[in-house]
Amino acid sequence: AGKMLFQGRRSSIEIIAAILSASRSVPVTKAGITGQVKINSRQMNEYLDWLSRQELIEPIGSRDHQFRIKPTNKGLRLLTTLESIQAILR
């Protein structure tokens with residue numbers, strides 16, 4: 001998800017961008033999100049609930065019955081915008 005803007009804790013925006021980025025090319029499981037984004041399962045569930053309510057992610061069915069998510073078109077637009085902002089601020 002790129003470098004953090006500041007030293008220390010990540011902002012919610014940075015975590016949202018990391019979640020959307022992690023699932024951009026292939027739908028990702030909850031375990032995949034916690035591993036790639038480095039957040040705990042409670043945080044992950046809070047972010048996934050919020051992203052889902054905002055229609056930024058959608059669940060994807062799979063043969064192995066694992067819950068996976070991928071960004072919606074709206075989520076991809078947000079990710080592109082956040083990446084542009086990060087690039088400007090580097």
Side-chain angles (χ1 to χ4, degrees):
K3 292 181 180 176
M4 288 190 288
L5 300 178
F6 305 102
Q7 296 275 328
R9 294 177 57 150
R10 292 178 292 173
S11 69
S12 294
I13 294 293
E14 288 169 315
I15 293 170
I16 287 165
I19 292 170
L20 292 172
S21 181
S23 59
R24 176 193 330 213
S25 47
V26 293
V28 68
T29 63
K30 287 183 175 186
I33 293 168
T34 56
Q36 289 183 56
V37 180
K38 310 255 188 295
I39 56 177
N40 65 42
S41 59
R42 180 189 57 78
Q43 292 171 304
M44 183 213 35
N45 285 322
E46 289 174 4
Y47 279 100
L48 292 185
D49 287 346
W50 185 85
L51 289 163
S52 183
R53 286 195 312 273
Q54 301 300 316
E55 299 180 350
L56 297 168
I57 60 169
E58 60 187 345
I60 299 299
S62 64
R63 279 179 261 145
D64 60 7
H65 305 294
Q66 286 272 13
F67 173 84
R68 286 181 164 78
I69 61 117
K70 74 168 196 171
T72 60
N73 286 336
K74 180 179 174 183
L76 290 172
R77 287 195 315 272
L78 175 62
L79 179 57
T80 300
T81 301
L82 294 175
E83 288 173 340
S84 295
I85 292 168
Q86 285 180 329
I88 292 168
L89 296 176
R90 277 201 187 106

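Nothing here was measured: the structure is a model prediction, and the numbers come from that model. Note that the numbering runs from 1 along the sequence shown for the chain.
- Looking at residues two or more places apart in sequence or on another chain, you find a side-chain hydrogen bond (donor to acceptor under 3.5 Å, both in side chains) between R24 and E83.
- Residues passing the side-chain hydrogen bond (donor to acceptor under 3.5 Å, both in side chains) test with S12, sequence neighbours excluded: Y47.
- Residues A17 and L82 approach most closely at CB-CD1, 3.9 Å, considering heavy atoms.
- Residue N73 places its CG atom among 12 or fewer non-hydrogen atoms of other residues, nucleotides or ligands, all under 6.0 Å distant.
- Two residues are said to be in side-chain contact when any heavy atoms from C-beta on lie closer than 4.5 Å; I16 and L78 meet this criterion.
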Does the pair M44 and I19 meet the rule for a side chain to side chain contact (heavy atoms under 4.5 Å, CB included), with working shown?
CA-CA 9 Å; M44 183 213 35; I19 292 170; 5.6 Å; no
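- Looking at T34 and Q43, their side chains never come closer than 4.5 Å, going by heavy atoms from C-beta outward.
- Residues I39 and F67 share a single hydrophobic cluster, defined by chaining ILVMFWY side chains whose heavy atoms lie under 4.5 Å apart.
- With sequence neighbours left out, E46 forms a side-chain contact (heavy atoms from CB on, under 4.5 Å) with R42.
- Looking at every heavy atom in both residues, P71 comes nearest to S23 through CD-O, 3.1 Å.
- To the nearest 0.5 angstrom, I15 atom CD1 is 12.0 Å from L20 atom CG.
- For K74, there are no side-chain hydrogen bond (donor to acceptor under 3.5 Å, both in side chains) partners two or more places apart in sequence or in a different chain.
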Show me the donor-acceptor pairs within less than 3.5 Å that the side chains of residues 50-61 make with the rest of the protein, sequence neighbours left out.
none

Please step through side chain to side chain contact (heavy atoms under 4.5 Å, CB included) for the pair I85 and I13, ending with a clear verdict.
CA-CA 11 Å; I85 292 168; I13 294 293; over 6 Å; no
